[in-house]
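First the proteins, then the strands, lettered A, B, ... as listed; each starts at 1.
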There are 2 protein chains.
Amino acid sequence: MPTKTFFNLPGEKRQNLIDAALREFSRASLADASIANIIKDACIPRGSFYQYFEDKADLFFYILEEHSARNREQMMSLAIKHQGDLFTSSAEFFESSLHRFIHDEQGANREFARNIFLNMNYKIEYKLILDVKNPTTRERIREFYRNYMGVIDTSGLNIHSEEELLHLIKILRAILIQNFIQFFAGEADEQEVLHNFRLELELLKRGLYTSRSHET
Amino acid sequence: MPTKTFFNLPGEKRQNLIDAALREFSRASLADASIANIIKDACIPRGSFYQYFEDKADLFFYILEEHSARNREQMMSLAIKHQGDLFTSSAEFFESSLHRFIHDEQGANREFARNIFLNMNYKIEYKLILDVKNPTTRERIREFYRNYMGVIDTSGLNIHSEEELLHLIKILRAILIQNFIQFFAGEADEQEVLHNFRLELELLKRGLYTSRSHET
DNA sequence: AATTATATGTGACACGGTGTCATGTGTCAA
DNA sequence: TTGACACATGACACCGTGTCACATATAATT
């Protein structure tokens, strides 16, 4: 987490630093980004940077969590909008995110997202979901999950417990992320990736076994 | 890819270098590993390293591809063993891999795998699957997929095209990887992660929608 | 006003890792 | 003997990081 000092900074200076960081993290992945570039861009001395952040990752994950919080909010409001329909709201989330990336003229958000998804790993993914280090963020996300699962309408779903719902959400998330990755990797364009995602949702809904004898 | 020079090396020297690299990549992720450590361990001068490899990543992905090839072979032989049953063979693949990691006394393979999975990203995942840079490896993997899909018995599966089978495999892969990650992240122990994986397979098989009216 | 405490700013520097390059060595063929 | 080629080597320039001693500002205390 950024230090108290960072939050005491005048708003403009703070925003200026964040903007510079966003530009750098749009240009390069966390691993390839350099503090040197950020402080040059933001015109702050090296020593100051370390007064605000532990290191590069500290700043990165702070920015990432801000974006993630907005995404969680959107997921929640879509779930509510669609009366708790998990599949429909997930699909709209995917579509609208994709649409936002594609029509991002400046390209800053898109490039940032590209670097996130193409370098997505456990630490990043679970920062999007469950921050391991920061207890406050962790609790925030836990709460989101509780609320989110409360909003989901399970009456149309073929699941029989909270546990199964959690696993379904886990599967959906994995598919969602995979498709974002394929989009950013250039493996599929907007139309293809939308088609793929929808197809995969249909497979999930439909079920993959014809012989139903295995059901318990 | 390693250079011709590397492959011309006497076998022992080559293996020695690979061993040292494996130790380093077991200790640290690709990003955190250092060439300095590898050459110190392998007792070769710095210049020689660059005679064999373009950089750290070149060596890393070479080693990774060797491991991946073995995994693909195992997936294939399990698919054959189970008469093309995609779910059963995937489950056995997961179980046996997990078992191997847990009973890896030396721990070298486990730690290497841990670094792979916890730092899994697009580039690594698709090296496990589809090498973007190297045409030879790419073709090798393409061929694997063709063969693998040929072996899968679709008669018990509720899918209606090659495309759907490909997507199903894609979903299964995502779930497989997610569970490995959760295991290595310590979020679940062997029993839990096995339980989770099996449950998720059941959800897939069963299908998630009760109202079947949406089926086309 | 003088003093002390506390918070913040600053950039030179030591450290460690990377990739290169000039030079050295070995081998084989003409 | 000479030249051509493949390979070996480690010193070195370069770059980014994180730290630290010192500077400055602001508020609180005497």
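Using the six-membered ring where Trp is involved, B:Phe144 and B:Tyr148 have ring planes that are parallel, under 30° apart on the 30 and 60° scheme.
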As a quick check of understanding, evaluate side chain to side chain donor-acceptor pair (under 3.5 Å) for A:Glu192 and A:Asn196, giving each step before the final call. CA-CA 6 Å; A:Glu192 287 165 339; A:Asn196 289 344; over 6 Å; no
Check the pair B:Glu163 / A:His195 against side chain to side chain donor-acceptor pair (under 3.5 Å), numbers first and verdict last. CA-CA 11 Å; B:Glu163 191 198 7; A:His195 169 80; 2.8 Å; yes
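Atom C1' of nucleotide C:dT18 and atom NZ of B:Lys40 are separated by 15 Å, given to the nearest angstrom. Going from atom CD1 of A:Ile44 over to atom P of C:dT8 covers 14 Å, rounded to whole Å. Taking atom CD1 of residue A:Ile39 and atom P of nucleotide C:dA12, one finds them 12 Å apart after rounding to whole Å. Going from atom CZ of A:Phe7 over to atom C1' of C:dT8 covers 16 Å, rounded to whole Å. Taking atom CG of B:Asp58 as the reference point, atom C1' of C:dT18 lies 15 Å away to the nearest angstrom. When the P atom of C:dT18 is taken as reference, atom CG of B:Leu59 falls 12 Å away, rounded to whole Å.
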Please list, pair by pair, any protein nitrogen or oxygen found under 3.5 Å from a nitrogen or oxygen in nucleotides 15-17 of chain D.
| from | atom 1 | to | atom 2 | distance (Å) |
| --- | --- | --- | --- | --- |
| D:dT17 | OP1 | A:Ile35 | N | 3.0 |
| D:dT17 | OP2 | A:Ile35 | N | 3.3 |
| D:dT17 | OP2 | A:Ala36 | N | 3.1 |
| D:dT17 | OP2 | A:Arg46 | NH2 | 3.4 |

Would you tabulate the nitrogen or oxygen pairs shorter than 3.5 Å linking the protein to nucleotides 5-8 of chain D?
| from | atom 1 | to | atom 2 | distance (Å) |
| --- | --- | --- | --- | --- |
| D:dC7 | OP1 | B:Asn8 | ND2 | 2.8 |
| D:dC7 | OP2 | B:Thr5 | OG1 | 2.9 |
| D:dA8 | OP1 | B:Lys13 | NZ | 3.4 |
| D:dA8 | OP1 | B:Tyr52 | OH | 3.4 |
| D:dA8 | OP2 | B:Tyr52 | OH | 3.0 |
| D:dA8 | N7 | B:Gln51 | OE1 | 3.1 |

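A:Arg114 and A:Glu111 are joined by a salt bridge, as a carboxylate oxygen and a charged side-chain nitrogen come within less than 4.0 angstrom of each other. Of the charged side-chain nitrogens involved, at least one lies within less than 4.0 Å of a carboxylate oxygen, so that A:Arg27 and A:Glu24 count as a salt-bridged pair. Look at A:Lys205 and A:Glu200 and you find no salt bridge, because none of the NZ, NE, NH1 or NH2 atoms lies under 4.0 Å from a carboxylate O. Ion pairing between B:Arg100 and B:Glu95 fails under the 4.0 Å rule for side-chain N and carboxylate O.
Counting only heavy atoms from C-beta outward, the side chains of A:Asn71 and A:Phe93 approach each other to under 4.5 Å. The side-chain heavy atoms of A:Gln182 and B:Lys170, taken from C-beta on, include a pair separated by under 4.5 Å. The side-chain heavy atoms of A:Ile18 and A:Phe6, taken from C-beta on, include a pair separated by under 4.5 Å.
For A:Phe183 and A:Phe117, the ring centers sit 6.0 Å or farther from each other.
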Only distances under 3.5 Å count here; give the side-chain donor-acceptor pairs of residues 38-47 of chain A to other protein atoms, sequence neighbours excluded, each with its distance to 0.1 Å.
| from | atom 1 | to | atom 2 | distance (Å) |
| --- | --- | --- | --- | --- |
| A:Asp41 | OD1 | A:Arg23 | NH2 | 3.2 |
| A:Asp41 | OD2 | A:Arg23 | NE | 2.8 |
| A:Asp41 | OD2 | A:Arg23 | NH2 | 3.4 |

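Terminal axes of the helix from C:dA1-D:dT30 to C:dA30-D:dT1 (five pairs each, C1' rotation axis) are separated by 30°, to the nearest 10°.
For the ring pair (Phe, Tyr, Trp, His ring centres under 6.0 Å) test, residues two or more places apart in sequence or in another chain that qualify with B:Phe197 are B:Phe94.
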Sugar-phosphate or base contact per nucleotide [nucleotides 20-26 of chain D; S, B, -; heavy atom under 4.0 Å]: -------
